[in-house]
Amino acid sequence: MRVLRMPLPVKHGPFQIQTHPSSYTSHASPRLPLSFVSFNPSTNPANNNDNLIQSLCKQGYLKQAVKALYSDPNPTQKTFELLIYSCVEENSLSAALHVHRKLVLSGFGQDPFLATKLINMYCDLGSVDHACKVFDETRERTIFVWNAVLRALAKAGRGEKLLELYCRMNWVGVKSNRFTYTFVLKGCVVSEMSICPLKKGKEIHAHILRHGFEGCVHVMTTLLDVYAKFGCVSYASSVFGAMPTKNIVSWSAMIACYAKNEMPVKALELFQVMMLEACDSVPNPVTMVSVLQACASLAALENGKLVHGYVLRRGLDSILPVLNTLITMYGRCGEIPTGQRVFDYMKKRDVVSWNSLISIYGMHGFGKKAIGIFENMIHQGVLPSYISFITVLCACSHAGLVEEGKILFESMLNKYRIRPSMEHYACIVDLLGRANRLDEAIKLIESMDFKPGRTVWGSLLGACRIQCNVELAERASSMLFELEPNNAGNYVLLSDIYAKSRMWNDVRRVRKQLESRGLQKIPSYSRIEVKRKIYSLVSVEEYNPQIEELRAFLTTLLTEIKNQGYVPQTNVVIYDLDEEEKEVILLGHSGKLAVAFGLINSSKGETIRITNNLRLCEDCHGFMKFVSKFVNREIFLRDVNRFHCFRDGVCSCGDYW
DNA sequence: ATAGGGTTAG
């Protein structure tokens, strides 16, 4: 039998909470008095209120249930369980604290079952400190109690403390189970850890194997996902390959891993394998989102349409994330009107839907349109998120809308109470930099109340390249070399800027620096979809069986467009060579090979869609303009940060990119 | 009693 340990002095209770329930409100300030709540145990006889409380909980009357709880002299474990559940449902921390207090007053303070529920409750309410406190005060720590606190720490991103507790758990001899490992693994992904998180992940991997959990689908899928999030695709795929049983979640996790780690072709291939071989794994919305993302990153419109058809047949076209991804997919394939149509026909929209639409207009250079959509969103009562501002600021940046961008940036804090983050500053630096207002950009960086990070310096360095500002580029890159010494892209960017200024000694110096760090220039490649198949073309193209044909084709094309006025921009070549050699190098750029491949292998009138893994170079940009006119074809080319649509000799970006 | 994959940006 339970012993009622009343009364307890408040300081022995779990927290310093209000002692009187009349101060309880569901969401807002806990100090607001509610007239209907009264605390008078004497008016309530010994008869049990449990049934009343439980039915109040089930009907969603949390306030009344808490009131009834406080006049119940003998609440049961079941009653507390239901109340805890309701607090989470109603997302009310203040109610939770009252329930917790009464729980202790009623003598359940050491009940490990309820301790587990309390920890999970505080975790779900976002208060990891309260969760930890319950854990600390619970003497009998069952595996459920341990798992609950690990879950709370993982969710809060407190990896360091999580691993510390996991060690303690092993030390005191508590045996981990499959649930434990999923939480511990998730804890490895959080970034605040000082120890190398990937190394920790591998250690946990070893624990999992040693304790015989390699057959547990949940554990292995989490492990796969952890490797995926670290970008270790080969580890992820070997975990996936070793799984004795796979289900739709593990397949989806692996597809997502490829899609997110710049291997979209692999993602599509794996999807195909799953459809053919794993009959019991039926794709669900989560799967389809990743597949659509893969199509989007490839600008593989034909594949994307096929997948869209499948989504419709399966009736998944009412799922918000699927539709949001469809907007992005069409937009990133250069089909804005279709993306817009998906948006228009949506029965329900969330802020992500709006952001997706803003983003696709923005990346095509339709800045004013993007701002219009942003304003329309506000007008419809949708609260902008911090991503809304990133998308709309980027849209301004691509279109050179400096004043508009600055006004939006100001409004973030003034109007919407969103504190601009590093990313927002990076957008503004980009916006100012592209518009050749580098002084303003650097002033803004200096005025920031936090230390500028890689995104901000990266934006500045990118702008220096466009503006060919060596001095500022040196400053930005020295910061970047410190912040991310192993990012080859920064070295390449700096050497490009030197090359543009014909400072060949400096070009060589930076190249040496790059090599001495054991880094390599990221090879540029282009992808093109022809008749639903995806082809990759690398700048130094050795493997394509059609290479001779491509070269011959390009040489002819070159002669033709030179007659139309095209002048190769040999200054983008970072080697100190003579002009003719530079022209040969330029002709080998992957974008040009891709366009030649597309022209040779597609029918007249078909649009050419190409994606580039790097930023398009100025020469390729000029080349495409002439080619589009000469062969009378539309060429869509998406590079790392925006879209170019070449038609009849002009580009949709208006040469501003 | 507790658990695994996905949407927008850069």
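Not measured: the values here are computed from a predicted model. Below, chain A is the first sequence line, B the second, and so on; all start at residue 1.
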Answer yes or no: does a side-chain N or O of [X] lie under 4.0 Å from OP1 or OP2 of [N]?
| X | N | answer |
| --- | --- | --- |
| Gln293(A) | dT7(B) | yes |
| Lys155(A) | dT2(B) | no |
| Lys186(A) | dG5(B) | yes |
| Lys260(A) | dT7(B) | yes |

Choose from [options] the nucleotide whose nearest atom is closest to any side-chain atom of [X].
| X | options | answer |
| --- | --- | --- |
| Pro285(A) | dG10(B), dG6(B), dT7(B) | dG6(B) |
| Arg151(A) | dA3(B), dA9(B), dG5(B) | dA3(B) |
| Asn177(A) | dT2(B), dT7(B), dG10(B) | dT2(B) |
| Val249(A) | dG5(B), dA3(B), dA1(B) | dG5(B) |
| Asp225(A) | dT7(B), dG6(B), dA3(B) | dG6(B) |
| Lys117(A) | dG4(B), dA1(B), dG10(B) | dA1(B) |
| Val289(A) | dT2(B), dT7(B), dG4(B) | dT7(B) |

Nearest whole angstrom, please: distance from the [atom2] of [N] to the [atom1] of [X].
| X | N | atom1 | atom2 | value |
| --- | --- | --- | --- | --- |
| Phe343(A) | dT7(B) | CZ | C1' | 14 Å |
| Arg638(A) | dA9(B) | CZ | C1' | 14 Å |
| Leu118(A) | dT2(B) | CG | P | 15 Å |
| Met243(A) | dG5(B) | CE | C1' | 11 Å |
| Leu431(A) | dA9(B) | CG | C1' | 16 Å |
| His218(A) | dG5(B) | NE2 | P | 9 Å |
| Asn261(A) | dG5(B) | CG | P | 15 Å |
| Leu292(A) | dT8(B) | CG | P | 10 Å |

Residues touching DNA chain B, which here means a heavy atom under 4.0 Å, drawn from residues 353-365 of chain A: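 By residue number: Asn355(A), Ser356(A), Ser359(A).
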
Under 3.5 Å: donor-acceptor pair, side chain of Asn612(A), backbone of Asp639(A):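 No.
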
So what does [X] touch, heavy atoms closer than 4.0 Å: a base, only the sugar-phosphate, or nothing?
| X | result |
| --- | --- |
| Val217(A) | base |
| Asn147(A) | base |
| Thr180(A) | nothing |
| Glu81(A) | nothing |
| Thr391(A) | sugar-phosphate |
| Ile248(A) | base |

dA1(B) base stacked by Phe113(A) (centroids within less than 5.5 Å, tilt under 30°):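 No, the aromatic ring of Phe113(A) does not stack with the base.
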
Heavy-atom closest contact (Ser281(A) atom, Trp251(A) atom, distance):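 Closest pair (atom of Ser281(A), atom of Trp251(A), distance): OG-CD1, 3.5 Å.
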
When you measure only distances, ignoring hydrogens and angles, does the side chain of [X] come within 3.5 Å of the base of [N] through a donor and an acceptor?
| X | N | value |
| --- | --- | --- |
| Asn247(A) | dG4(B) | yes |
| Asn284(A) | dG6(B) | no |
| Ser252(A) | dG5(B) | yes |

Residues Asp496(A) and Arg465(A) bridged, charged N to O under 4.0 Å: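 Looking at Asp496(A) and Arg465(A), the cut-off is met.
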
Presence of salt bridge, Glu269(A) and Lys266(A), under 4.0 angstrom: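 Judged by the 4.0 Å cut-off on N to carboxylate O distance, Lys266(A) and Glu269(A) do not form a salt bridge.
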
Check whether NZ of the Lys or CZ of the Arg [X] lies under 6.0 Å from the centre of the six-membered ring of [Y] and within 45 degrees of that ring's axis.
| X | Y | answer |
| --- | --- | --- |
| Arg434(A) | Tyr656(A) | no |
| Arg332(A) | Phe643(A) | no |
| Lys117(A) | Phe80(A) | no |

Any residue meeting side-chain contact (heavy atoms from CB on, under 4.5 Å) with Leu413(A), in chain and number order, not counting sequence neighbours: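 Per chain and number, Leu413(A) pairs via side-chain contact (heavy atoms from CB on, under 4.5 Å) with Arg419(A), Pro420(A).
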
Atom CZ of Arg141(A) with >12 non-hydrogen neighbours under 6.0 angstrom: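 Counting other residues, nucleotides and ligands, CZ of Arg141(A) exceeds 12 neighbours.
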
